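Predicted, not measured: the structure shown is a model, and the values here were computed from it. Just so you know, ligand 1 is whichever comes first in the structure, and atom 1 is the first atom listed for that ligand.
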Amino acid sequence: MHIDRYERLFIYAAVALLVVFMGALAVSSFAFGIRVPTAYEKVDPRTVATPPSPWGLPAEERLRELSPGNYEVYLLGQMWQFSPNTITVPAGSRVTFYVTSKDVQHGFKIAGTNINIMALPGEVGVLTATFDTPGTYNFYCHEYCGALHHTMYGQIVVEE
Ligand code: CUA
């Protein structure tokens, strides 16, 4: 079968491009460990807010210090609040957020950072951030979730 020279060149170029993209994917996932933010685990939204679920603990016990400067927080979204809605950590802390919802779809965005995740019923989203600069970081729901969506916000207070 005769294929025009330029046509053949374009086929080679297209295949080479695919190989480059596949290589870039492989390097980013295996060498740099970059993962698409998918559900970390599944939970039952009907029972997620009751013990022994970690989102069933009182809000003030939802922030845990695992080791010095290393925290985890179990953040529950519901119409129309986050709990806990104030999280206080010392500067330099590394905080891992486990985010889910017990009713409808919510969002979780920390203003001025790249922390931005969906809070979905039945799924747990996980993100980690380090807070080096003292100050108050506002977070809010960025998925429309009903009449009082605009009141669904909280703060991360990073102390000196
Ligand atoms: Cu929750 Cu908007």
Could you pull out every donor-acceptor pair under 3.5 Å between side chains of residues 77-90 and any protein atom, sequence neighbours left out?
residue: Trp80; atom: NE1; partner: Cys145; partner atom: O; Å: 2.9
residue: Ser83; atom: OG; partner: Arg62; partner atom: NH2; Å: 3.3

query = Checking Ser53 side chain against Val48 main chain: does a donor-acceptor pair fall under 3.5 Å?
reply =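 Indeed, once roles are kept as given, a pair shorter than 3.5 Å links the two residues.
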request  = Name the orientation class of the two ring planes belonging to Phe97 and Phe108 (parallel below 30°, tilted from 30 to 60°, perpendicular beyond 60°).
outcome  =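 Ring orientation, 0 to 90° scale: tilted.
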inquiry  = Starting from Tyr140 and following side-chain heavy-atom contacts under 4.5 Å between hydrophobic residues (I, L, V, M, F, W, Y), which residues can be reached?
reply    =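 Tyr153, listed by chain and number.
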key: Value rounded to 0.5 Å, distance of CD1 in Ile156 from CG in Leu63   =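 Taking CD1 in Ile156 and CG in Leu63, the distance rounds to 10.0 Å.
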Can you give me every donor-acceptor pair (side chain of residues 19-34, partner residue at least two apart or in another chain, under 3.5 Å) with its distance?
residue: Ser28; atom: OG; partner: Ala24; partner atom: O; Å: 3.2
residue: Ser28; atom: OG; partner: Leu25; partner atom: O; Å: 3.0
residue: Ser29; atom: OG; partner: Leu25; partner atom: O; Å: 3.3

ask   = Number of protein N/O/S atoms less than 2.8 Å from atom 1 (Cu) of ligand 1?
value =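 With waters ignored, the protein N/O/S count below 2.8 Å is 4.
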